[in-house]
2 protein chains.
Amino acid sequence: MGKITIKDIAREAGVSITTVSRVLNNKAEGMSKKTRKTVLQVMGELNYQPNKFARGLVTKRSNMLGLIVPNISNPFFPELCRGAEDEANERNYSLIICNSDDQSQKEENYLRLLQEQQVDGILLSSKNRLSQTSKDQLESGKIPYVLFDRGEEASNHSGVFLDNEKGGYMAGKHLVDLGHTKIACMTGPLEILNAQQRLAGFQRAFTEASIELPKSSILVGDFQMEVAYLIAKKFLQDNCVTAIFASNDLMACGIYRAAHELGIQIPEQLSIVGFDDIPLVTALIPKLTTVRQGTYEMGRKAIELLLNELENNSSEGVVFDPTLIVRESTKKIK
Amino acid sequence: MGKITIKDIAREAGVSITTVSRVLNNKAEGMSKKTRKTVLQVMGELNYQPNKFARGLVTKRSNMLGLIVPNISNPFFPELCRGAEDEANERNYSLIICNSDDQSQKEENYLRLLQEQQVDGILLSSKNRLSQTSKDQLESGKIPYVLFDRGEEASNHSGVFLDNEKGGYMAGKHLVDLGHTKIACMTGPLEILNAQQRLAGFQRAFTEASIELPKSSILVGDFQMEVAYLIAKKFLQDNCVTAIFASNDLMACGIYRAAHELGIQIPEQLSIVGFDDIPLVTALIPKLTTVRQGTYEMGRKAIELLLNELENNSSEGVVFDPTLIVRESTKKIK
DNA sequence: CTGAAAGCGCTAACAG
DNA sequence: CTGTTAGCGCTTTCAG
């Protein structure tokens, strides 16, 4: 850490520290070009780096943003992080990425930590409903935040969300169009609005086509691969369906394995459609048909909203549209 | 941000700010238990949060660490992040995670950014050789750093690495033991030491068994899925091998696809062994046999080293041992 | 167009 | 065991 300070460069440049501070902050455009230039030059020569602490102490701004994700191991989230990070960096902010591992406890800790760290804003993506503690934490510190990926709070507060119902509908419609009538749906935990909405959309597509989705065909997973595999294996052993919609791609992976072990061919005997379009889904054989969220873009947008809120105090909710990516795991029924 | 400061709590508690500062820092154990208790209580009641800026300004410490990874989309790195983050948090540090997207340019920017941000230390994981600029950047700021995942610097500076040669050897030995003689190896870019070493180990296993690995069977990939797929497809069309070792799991995925499209059965006609053991590898059908790096643990260790360096100025290099995880993608040759 | 001076909230000698 | 005091490096009135 160069110990050279604003004073040093003031001395070298033969001006006052105020002047240096001014050029540092691009202030008071009405400053002699010459002075500015000299100062800039000296700063360059001395390789001056302003001290964030001193700065923050007076401005109360850290130029840091916090991002809490529920599960960094689900490839969906690294994409979000990339988007958020790129946007933040371009706007001259740094991102502290925190992984709550799906534990409310950890989430709350991070919320506190980030406030202590004096971040300027928080982007919170929690797969679960916000705990009361989290809400309190968020409200008590007056720091701006935006929600990501959970629709439930959409009404009250700014955030970015996906139209999950529509996504579910697209998956369902696709299957209907292919002529499937015996279908199942593997959803995430039903207390999560995302999961509920995707299911609702999926059902709507079939209702429109006057096809019934029996209750027994609604399989409740946990958005993870392992449990999905177990449930699917059991289900496929006893039931005969021609298509399954998985509420996220990780669960679709589990279903692939179950089908494989039971000797069920995809897509010949079983069509599968996933949700998310995580990068690794093209590694599956056959490639997975899925509903894409523009994850990277959503990450960028979320930071944009956060910064708007921070800088202009404007709050806004934006809803993204999903797109259906048809690949190889779905097939017309004969 | 509670605007309540050390002064407020001093006044409320009827002590001097120094005293408050002392309890804040657990200093001077010889303080009346009663005073300490009162202060603590008032802090609780007023929900006091010390100001990091003011603190940092005098201590020159931020309690933040930076972590630069080359590619957050490769599931290998989220695991590293998790380990690093958990360790950092337990030691009372926060982590700023930065993704350099495999671009030296971005890496250099982050290096600068992190220094500006006044982090206390940097954990740098760059798949590529350090650029000169990066090196300079690292040396100029006097901030401690540790290297991750690249052996080349091991001698000079503290870091955590994997014994890549050994890992390659394990993969090779496994294939030798299964009776394979016609083999190929898909490596990463050869200017990366990791890739080189894995290849060297692999070759050693075959040399020991007096089996030759022809030059034409060394396929140079880029550690990504797509390119691996293209190369493998071309190669497998023209050549007949019974086993391939992929220098990382992502490339193994690409090879799976190539084999599938060519109608080559895994493992009946082709055995594959990967490297890394990323979580998603169990989603492949058949499950991939691979060489595991204890990624999460390595992340923890790296932070531990960094903190040691930071706190005790001790520098140390540690080398992890890989383990072979035999699953379903390799088979004895008949 | 430029400078002097007053803090921001905290820690760290130095006294008592 | 506790308090006084002098800054840390920067921004920001307020003057000139």
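Below, chains carry the letters A, B, ... as their sequence lines are ordered, and counting in each starts from 1. This is a predicted model, so every value here is computed, not measured.
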Round to the nearest Å and state the distance from [X] atom [atom1] to [N] atom [atom2].
X       : N      : atom1 : atom2 : answer
B/Leu46 : C/dG9  : CG    : C1'   : 16 Å
A/Phe53 : D/dT11 : CZ    : P     : 15 Å
A/Leu24 : C/dG3  : CG    : C1'   : 17 Å
B/Ile6  : C/dG7  : CD1   : C1'   : 16 Å
A/Gln49 : D/dG9  : CD    : P     : 14 Å
A/Lys60 : D/dG9  : NZ    : C1'   : 15 Å
B/Ile9  : D/dG3  : CD1   : P     : 12 Å
B/Lys7  : C/dT11 : NZ    : P     : 14 Å

Of B/Thr19 and B/Leu57, the one whose nearest nucleotide on DNA chain D sits closer to the 5' end is B/Thr19
Hey, which of these two, B/Ile17 or A/Ala54, hits DNA chain D nearer its 5' end, going by closest nucleotide?
B/Ile17
Look at all strands and tell whether B/Val15 reaches a base, only sugar-phosphate, or nothing, counting heavy atoms closer than 4.0 Å.
sugar-phosphate
Note: [X]-[Y] ion pair, threshold 4.0 Å (strictly below):
X        : Y        : result
A/Lys301 : A/Glu304 : yes
A/Arg91  : A/Glu87  : yes
A/Glu108 : A/Arg112 : no

Whether [X] contacts [N] is assessed here as follows: a side-chain N or O lying under 4.0 Å from the phosphate OP1 or OP2. Is that the case?
X       : N      : result
A/Tyr48 : D/dG9  : no
B/Ser21 : C/dT11 : yes
A/Asn51 : D/dC8  : no
A/Thr5  : D/dC8  : no

Spell out yes or no: do the side chain of A/Thr18 and the base of D/dT11 have one donor N/O and one acceptor N/O closer than 3.5 Å?
no
If you check every side-chain atom of [X], which of [options] has the closest atom?
X       : options                : answer
B/Val58 : D/dT11, C/dA12, D/dC10 : C/dA12
A/Thr59 : C/dT2, C/dC8, D/dT12   : D/dT12
A/Arg55 : D/dT11, C/dA4, D/dG3   : D/dT11

Which heavy atom of B/Phe148 sits nearest a heavy atom of B/Gly299, and at what distance?
CE1-N, 4.3 Å
Look only at the side chain of B/Thr295 and the backbone of B/Phe76, and say whether a donor-acceptor pair between them is shorter than 3.5 Å.
no
